[in-house]
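Working notes for the structure below.
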There are 2 protein chains.
Amino acid sequence: MNWHDIPSLLALRAFEAAARHGSFSAAARDLNVTHAAIGQHVRALEDHFGLPLMQREGRGMAVTPDGRRLADSLGDAFGLIASASTDLLDQAKTRAIRVSITPSFAANWLMPRIGGFWDAHPDIEVELIPSMQLIDLRRDNIDVAIRYGDGNWTGVHSTPLLSAGHTAVAAPSYLKGCDTDCLADLKGSRWLLDGNRSEEKLWVAQNGVDLDEEDVTYFATGQLSREAALAGLGVTILPAPVASGHIASGALVKLCEEIDSAVAYHVLTRPEAVNPARDVFVKWLKSQTA
Amino acid sequence: MNWHDIPSLLALRAFEAAARHGSFSAAARDLNVTHAAIGQHVRALEDHFGLPLMQREGRGMAVTPDGRRLADSLGDAFGLIASASTDLLDQAKTRAIRVSITPSFAANWLMPRIGGFWDAHPDIEVELIPSMQLIDLRRDNIDVAIRYGDGNWTGVHSTPLLSAGHTAVAAPSYLKGCDTDCLADLKGSRWLLDGNRSEEKLWVAQNGVDLDEEDVTYFATGQLSREAALAGLGVTILPAPVASGHIASGALVKLCEEIDSAVAYHVLTRPEAVNPARDVFVKWLKSQTA
DNA sequence: TTCATATGATAGCTAGGCTAACATACAGAA
DNA sequence: TTCTGTATGTTAGCCTAGCTATCATATGAA
């Protein structure tokens with residue numbers, strides 16, 4: 001396709017609108033520009049083709065036979081473009097929004113609540129994608145990601161969803177009635193920690209417990225350390241939203257909780273991506289923590 | 001047609017080229033932009049539609065099924081636009097170029113020569129439009145105008161074609177052998193002048209003849225005054241190119257001629273209008289005065 | 001004649017489109 | 001395995017195509 005002989009697509013669009021309306025002013029209103037812009041485009045096309053396309057007729061403009069032929073072809077072409085665009089937008093509206101969440105957050109916070117979203121929005125399908133890492137929203141085609149941290153990530157828009165201070169918990173069977181007021185009271189316990197979470201070790205150290213002098217077992221994932229605690233094997237540390245579910249069910253007991261934590265669960269999105277359904281879901285997420 | 005839901009036409013063009021080539025770099029070469037421009041456009045479209053359109057595949061890019069559907073529609077649409085544009089350009093190439101000339105210039109300078117142009121360029125049709133006034137090239141759909149004056153017109157490109165100093169002439173039958181060296185020698189003659197040409201009166205006055213003391217008849221048009229002179233009724237003043245034809249035929253005798261005149265015949269065009277045939281004709285016009 | 005609404009013309013503004021430059025990734029040749 | 005050519009990814013910053021604002025003239029209805 002030799003684009004050299006084809007004039008400005010914006011000029012062609014302006015001309016097609018002017019020809020369809022028989023008026024520069026009406027075309028301007030249609031395209032949200034001034035009549036001057038339409039006029040300039042049409043003149044430029046007449047210069048490019050070396051033929052008059054429209055001419056004055058009273059207050060409006062009449063299309064010449066040459067102009068009529070061009071306008072008809074352009075109408076067909078832009079009609080195809082409009083149809084293809086609309087079809088794709090409709091298709092995008094029907095696809096599930098892809099949400100990346102950590103497995104623990106999904107199990108303990110989101111799943112218990114997602115039924116409410118489905119009830120309220122049966123027209124919006126949500127595809128939950130468990131993932132442990134911070135992903136690339138664009139490359140991985142993710143609409144929303146929920147991640148635990150300080151929210152200071154580049155390239156995405158992040159808003160805090162809910163606070164997630166560290167919480168020390170253990171199974172009732174492990175505690176056997178032991179009383180605790182602070183982390184230091186837990187000295188001598190068996191610690192079950194996620195080897196990846198240096199923040200947890202820091203929190204414990206900052207609260208009077210030297211982990212180097214404690215009985216600590218490090219697990220490859222937080223899920224494994226959590227399951228070990230649920231089995232009554234010792235004390236573990238969970239983010240508050242994850243812990244709350246287990247505590248409510250009585251499977252774990254809250255021993256000590258971090259107040260005013262800098263870390264939280266955040267909602268990550270790409271604002272340049274237009275997606276109304278994604279926006280509805282994010283709004284619902286935030287309504288669950290109000 | 002709701003243009004609000006339709007993304008940038010330039011972005012759609014970039015995407016169609018990338019899809020057709022399976023490569024940002026090849027599309028860039030096709031459209032004479034950088035691969036970065038293509039990449040940005042495709043990403044912007046993916047954000048607009050909320051769907052991936054192309055994805056990495058080794059060194060090139062593969063089109064997704066959604067992208068393929070869009071690309072096919074765009075290919076059809078841009079094909080229509082290309083066809084319509086090319087057809088109109090071809091049509092413009094075949095139409096006659098419209099040349100506006102004054103009747104006297106046509107009769108005395110152009111018509112004796114135009115046969116040479118037709119012989120050299122049988123493929124270019126020239127439509128001669130006699131007109132007395134300076135016209136609006138665009139409004140009147142004129143490709144070339146040839147006009148007499150100082151060339152200082154706004155809104156058009158003018159280049160001098162041939163000098164056109166004033167020339168005093170009379171029929172041999174009127175002169176009856178009278179000898180002249182300058183205009184002053186013509187005192188006492190009957191002057192036949194175009195009432196519209198104040199420049200001619202000025203020239204005569206500047207060369208020693210007070211027309212207020214002469215026998216002067218003013219005509220409504222230059223043609224009438226010229227025909228009166230051809231009939232032997234007196235002395236008239238013509239632009240040199242108009243006079244030269246009559247002098248060569250012996251119908252008129254040159255009495256006195258203006259040297260280094262500021263006025264000339266000029267070729268007027270609109271450079272913003274693209275028209276190769278017009279350019280060929282203008283080039284030929286200038287070759288006739290080299 | 002007056003008034004509303006059209007197009008014509010153009011100086012000047014601005015943001016969409018692009019480039020330049022540097023990055024990483026892929027694939028084939030040596 | 002290494003090197004090289006060529007692909008895409010990213011982004012700061014430039015710039016001109018596209019537009020607006022403004023004032024002009026022209027048209028047609030009241």
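Within every chain, numbering begins at 1; the chains are lettered A, B, ... in the order of the sequence lines, protein sequences first and strands thereafter.
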Protein-nucleotide distance ([X], atom [atom1]; [N], atom [atom2]), rounded to Å:
X	N	atom1	atom2	answer
B/W3	D/dG18	CH2	P	14 Å
A/D140	D/dG9	CG	P	14 Å
B/R43	D/dG9	CZ	C1'	8 Å
A/H41	D/dA17	NE2	C1'	8 Å
B/E46	D/dT8	CD	P	13 Å
A/N32	D/dC19	CG	P	11 Å
A/L45	D/dA17	CG	C1'	14 Å

- Task: Can you sort out which residues in residues 4-22 of chain B have a heavy atom within less than 4.0 Å of DNA chain C? Ascending by number, please.
- Result: B/S8, B/L10
- Message: Could you tell me if B/S100 and B/R147 have a donor-acceptor pair between their side chains, going purely by distance under 3.5 Å?
- Response: yes
- Query: Considering all heavy atoms of both residues, which atom of A/F24 and which atom of A/G39 are nearest to each other, and what is their separation?
  - Reply: CE1-CA, 3.6 Å
Sub-4.5 Å side-chain heavy-atom contact between [X] and [Y]:
X	Y	result
B/Q288	B/F117	no
A/S85	A/I81	yes
B/T102	B/Y148	no
A/H4	B/N32	no
B/L285	B/L110	yes
A/L53	B/L88	yes

- Query: Which of these passes side-chain hydrogen bond (donor to acceptor under 3.5 Å, both in side chains) with B/D143: B/R95, B/R278, B/R98?
  - Reply: B/R95
- Message: Rounded at 0.5 Å granularity, tell me how far CG in B/L12 sits from CG in A/L9.
- Response: 9.0 Å
- Message: What's the separation between atom CG in B/L51 and atom CG in A/N141, rounded to the nearest 0.5 Å?
- Response: 8.0 Å
- Between which nucleotides of DNA chain C, read 5' to 3', does contact with chain B run, using atoms under 4.0 Å from its heavy atoms? C/dG17 to C/dA27
- Please collect all ring pair (Phe, Tyr, Trp, His ring centres under 6.0 Å) contacts where either partner lies in residues 78-107 of chain B, sequence neighbours excluded, each pair once. A/W3-B/F78, B/F105-B/W109, B/F105-B/Y265
Hey, is [X] close enough to [Y] for a salt bridge, meaning N to O under 4.0 Å?
X	Y	value
A/D66	A/R69	yes
B/R43	B/E46	yes
A/R68	A/D72	yes

- Task: Please determine if a side-chain N or O atom of A/T34 lies less than 4.0 Å away from the OP1 or OP2 oxygen of D/dT20.
- Result: yes
- Query: What does the inter-axis angle of the helix from C/dT1-D/dA30 to C/dA30-D/dT1 come out as, five pairs per end, nearest 10 degrees?
  - Reply: 40°
Show me the protein contacts with nucleotides 11-13 of chain D, counting only N or O atoms at under 3.5 Å.
unit_1 : atom_1 : unit_2 : atom_2 : d
D/dT11 : O4     : B/Q40  : NE2    : 3.2

- Item | Stepwise side-chain contact (heavy atoms from CB on, under 4.5 Å) check, B/Q55 with B/M61 | CA-CA 5 Å; B/Q55 65 208 9; B/M61 303 290 291; 5.5 Å; no
- The correct set of residues in residues 53-72 of chain B placing a heavy atom under 4.0 Å from DNA chain D is B/R56, B/R59, B/M61
